[in-house]
S.K.: 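Questions regarding the structure given below will be posed in turn.
As the structure lists them, so they are numbered: ligands from 1, and atoms in each ligand from 1. What you see below is based on every heavy atom in this structure, not just the backbone, and it leaves out hydrogens, waters and symmetry mates.
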Amino acid sequence: MKRVKRLVILGGGTAGWMAATALARTFGPQLKIDLLESEAIGTVGVGEATIPTIHWLNQLIGLDEAEFVRATKASFKLGIEFVDWARPGSRYFHPFGRYGVDVGPVPFHQRWLRARADGLDHPLPAFSLATQLAAVNRFAKPVEDPRSILSTLGYAYHFDATLYARHLRGLAEAAGVTRHEGRLERVERAPDTGFVTALTTDRGARIEGELFLDCSGFRALLIDGVMGAPFEDWSHWLPCDRAVAVPCARAAETTPYTRSTLRTAGWQWRIPLQHRTGNGYVYSSAFLSDDEAAATLLGGLDGAALGEPRLLRFKAGFRREVWRKNVVAIGLSSGFLEPLESTSIHLIQSAIAKLIALFPDQDCDPGLARQFNTLLGRDMDGIRDFLILHYHATEGHDAPLWRYTRGMALPDSLVDKEAQYRRAGRLMLTSNELFREASWLAVLEGQGVHAEGHSPLADTLDGAVNRQQLEQIAAVVARAVPTLPKHDDAIAALIG
Ligand code: FAD
């Protein structure tokens, strides 16, 4: 077997530098890594909210958390608050971590449904420590001891995307990655196999390799431009295709969560960082002009705007063949699902993890590519359904976008999930779906899809004992909240 000794990455955005750092740390000197990026082209410059899977990459690359939070002006994230989504005036929280405490074979949410049938009136959020902490701007990290209520927490980060890429670049270069500045001019291919063999730049450099990562962002210069891998368009389910983004002055207190507020033709994000707050309006251009979107965004900020709104164009969808021959697309070049649940950076690291596990030899065995494509496709399909649920399960919004998404035909997989949950609170997940029981539960209940019954398993419980245990859990959560630090204090304690 001829091992891959030279890897070339096209693109130095979040995807390019994450891949460079992770692969350099994994393979060490046996793999020479070159990365080509163009300062003149720049990066997409957004992508500031993450989900807890980010800890996987941080551990892999040996990231020092304090250094990272300091360098990227990061804040902690306990989940996402959804404002006005289920109906005008509504609010719900999608927390990281778990609801309640697992005891015995009956899942916690089934115990809650059973207790409600027995007269318990505690709402679901009363059992989520992350939700209760977020409501009062407090933060704590999870602990491993399962007897502690803190073990039910999960967390991620908000960070400055440009500072994040810069931080990773420092780590990657220290690990031996060679960066090339310049614009891609020509792609050389082997006439017999069609494999890419070298990239040449407008500065006259020629970068040879045996495996190429396309991290060129929406341009998808290798996977689309050279390999012609088709794009599966999902905009009939996820019709938002533009965003305007602008940072504003930071608020007095940094909130430990992202906020998503429903708007006439989409939704607006609010991402708090140490030095500023990121904002953006994600919308469908079929229902709103760019000027109207910018005006709505600027009118909905909670601090002075720090610049002019920036326009971004995209299309929801994915390439089923993100690995073709010796080109693997990672990041926006592979596809894009809008940032409602902050999943793109997760998908980058999911692709990196799969590439490490399936790392090919020089012949790039097509069986490895097939496996990679199947697994990544499953990730995308699951996330897609989860996002569609937010758009579909709304009421009381009369604007055309919301009338459309309420009435649109859903993927069968989502129809089944909704029906099973409504009937007996069953959460029908496959083992490799990203969003687990707590997430589906939060969003189904939050968006007004309520379970009409519980599963037969919950009938095995002693109703009075179950109810009493749940009341105790809610009391433990409530007692813990005021004992935990304010979010800003937790950041200050970490970075000194
Ligand atoms: P880019 O950042 O665009 O990088 C592309 C790289 O390719 C650049 O370095 C560029 O210079 C280089 N390049 C391109 N063409 C050439 C060329 N011809 N020659 C040389 N170099 C070239 N994700 C999240 O996880 N959370 C979020 O909250 C989130 N919010 C988002 C909001 C919006 C509106 C959008 C559009 C995306 C959001 N994302 C989010 C996604 C996230 O921004 C991306 O997944 C992430 O930034 C990775 O981008 P990338 O590296 O693939 O592409």
S.K.: Classify the contact between Ala243 and ligand 1 as side chain, backbone, both or neither, using a heavy-atom distance cut-off of under 4.0 Å.
M.R.: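 For Ala243, the contact with ligand 1 is made by the side chain alone.
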
S.K.: With atom 5 (C) of ligand 1 as the reference point, say which of Cys215, Gly11, Ala161 has the nearest heavy atom.
M.R.: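 That would be Cys215.
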
S.K.: Can you tell me how far CD of Gln268 sits from OG of Ser260, rounded to the nearest 0.5 angstrom?
M.R.: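 Ser260 atom OG to Gln268 atom CD measures 9.5 Å (nearest 0.5 Å).
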
S.K.: I need the contact type for Glu48 against ligand 1. Using non-hydrogen atoms and a strict under-4.0 Å cut-off, is it side chain, backbone, both or neither?
M.R.: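 Glu48 to ligand 1: backbone contact only, side chain stays beyond 4.0 Å.
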
S.K.: Evaluating non-hydrogen atoms only, which member of Val46, Thr201, Leu36 is closest to atom 35 (C) of ligand 1?
M.R.: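 That would be Val46.
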
S.K.: My understanding is that we take every heavy atom of each candidate and find the minimum distance to atom 25 (O) of ligand 1. Doing that for Ile345, Leu337, Ile330, which one comes out nearest?
M.R.: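 Nearest option to atom 25 (O) of ligand 1, by heavy atoms: Ile345.
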
S.K.: Walk me through whether His55 and Tyr157 qualify under ring pair (Phe, Tyr, Trp, His ring centres under 6.0 Å).
M.R.: CA-CA 10 Å; His55 299 299; Tyr157 309 94; 5.5 Å; yes

S.K.: For ligand 1, indicate whether the residue Ser344 contacts it via side chain, backbone, both or neither (heavy-atom separation under 4.0 Å).
M.R.: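 Within the 4.0 Å criterion, Ser344 contacts ligand 1 through backbone and side-chain atoms alike.
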
S.K.: May I ask you to identify, for Thr50, whether its side chain, its backbone, both or neither come under 4.0 Å of ligand 1 on a heavy-atom basis?
M.R.: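 Thr50 to ligand 1: no contact under 4.0 Å from either part.
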
S.K.: How about Tyr92 and Gln447: does a side-chain donor come under 3.5 Å of a side-chain acceptor?
M.R.: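 A donor-acceptor contact under 3.5 Å links the two side chains.
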
S.K.: Salt bridge or not for Arg276 and Asp160, using N-O below 4.0 Å?
M.R.: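 Yes, this pair counts.
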
S.K.: Could you list which atoms of ligand 1 come closer than 4.0 Å to a heavy atom of Ala49?
M.R.: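 Within the 4.0 Å cut-off of Ala49, ligand 1 contributes 24 (C), 25 (O), 26 (N), 27 (C), 28 (O).
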
S.K.: Could you give the distance from CG (Asn326) to CE (Met227), rounded to the nearest 0.5 Å?
M.R.: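 One finds 5.5 Å between CG of Asn326 and CE of Met227.
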
S.K.: Can you tell which part of Thr258 has a heavy atom less than 4.0 Å from ligand 1: side chain, backbone, both or neither?
M.R.: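 The answer is neither.
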
S.K.: Which is closest to atom 13 (N) of ligand 1 by heavy-atom distance: Thr162, Leu340, Ile41?
M.R.: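 When every heavy atom of Thr162, Leu340, Ile41 is considered, Ile41 comes closest to atom 13 (N) of ligand 1.
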
S.K.: Return the residue, atom name and 0.1 Å-rounded distance of the protein heavy atom closest to atom 20 (C) of ligand 1.
M.R.: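 That would be Gly182 O, 3.4 Å.
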
S.K.: Do we see a donor-acceptor contact under 3.5 Å between the side chains of Gln371 and Thr374?
M.R.: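 No.
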
S.K.: If you take the nearest heavy atom of each of Ala245, Ser38, Gly42, which one is closest to atom 8 (C) of ligand 1?
M.R.: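 The nearest heavy atom belongs to Gly42.
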
S.K.: Is Arg219 touching ligand 1 with its side chain, its backbone, both, or neither, if touching means heavy atoms under 4.0 Å apart?
M.R.: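 The answer is the side chain of Arg219.
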
